[in-house]
Amino acid sequence: MIGSVAAAHPLRVVVGGPPAAGRTTPADELAVVLRAQDRDTIRVTVDDFLFARAQRYRRGR
């Protein structure tokens, strides 16, 4: 379904979940599929940017 979306702006897809939930493999596989469809694809991760709860919730949940 993602591959059929046509938008005037870049489409952003988020594969989310808690640490160790298994996000990396599906995100990698999705990027492979989209590239095979000649979609421009940038694969990024934010795992290295996880802050401690006290810092994340400093301004509220």
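The residues of the chain are indexed from 1 along the displayed sequence.
Note: Leu30 CG to Thr41 OG1 = 8.0 Å, rounded to the nearest 0.5 Å.
With side-chain heavy atoms closer than 4.5 Å counting as contact, directly or through intermediates, Val14 stands alone and belongs to no larger hydrophobic cluster. When hydrophobic side chains of Ile, Leu, Val, Met, Phe, Trp and Tyr are connected at separations under 4.5 Å, Ile42 ends up clustered with Val44.
The side chain to side chain donor-acceptor pair (under 3.5 Å) check on Arg35 picks up nothing, with sequence neighbours excluded. Residues that satisfy the side-chain contact (heavy atoms from CB on, under 4.5 Å) test with Val33, not counting sequence neighbours, are Gln37.
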Do any side-chain atoms of residues 15-23 form donor-acceptor pairs under 3.5 angstrom with protein atoms, and if so which ones, sequence neighbours left out?
| residue | atom | partner | partner atom | Å |
| --- | --- | --- | --- | --- |
| Arg23 | NH1 | Gly17 | O | 2.9 |
| Arg23 | NH1 | Pro18 | O | 2.5 |
| Arg23 | NH2 | Asp47 | OD1 | 2.6 |

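Counting all heavy atoms, side chain and backbone alike, Val5 lies closest to Arg39 at O-NH1, 3.0 Å.
Counting heavy atoms from C-beta on, the side chains of Thr24 and Thr45 never come closer than 4.5 Å.
Applying the salt bridge (Lys or Arg N to Asp or Glu O under 4.0 Å) test to every pair with at least one member in residues 11-20, sequence neighbours left out, gives no pairs at all.
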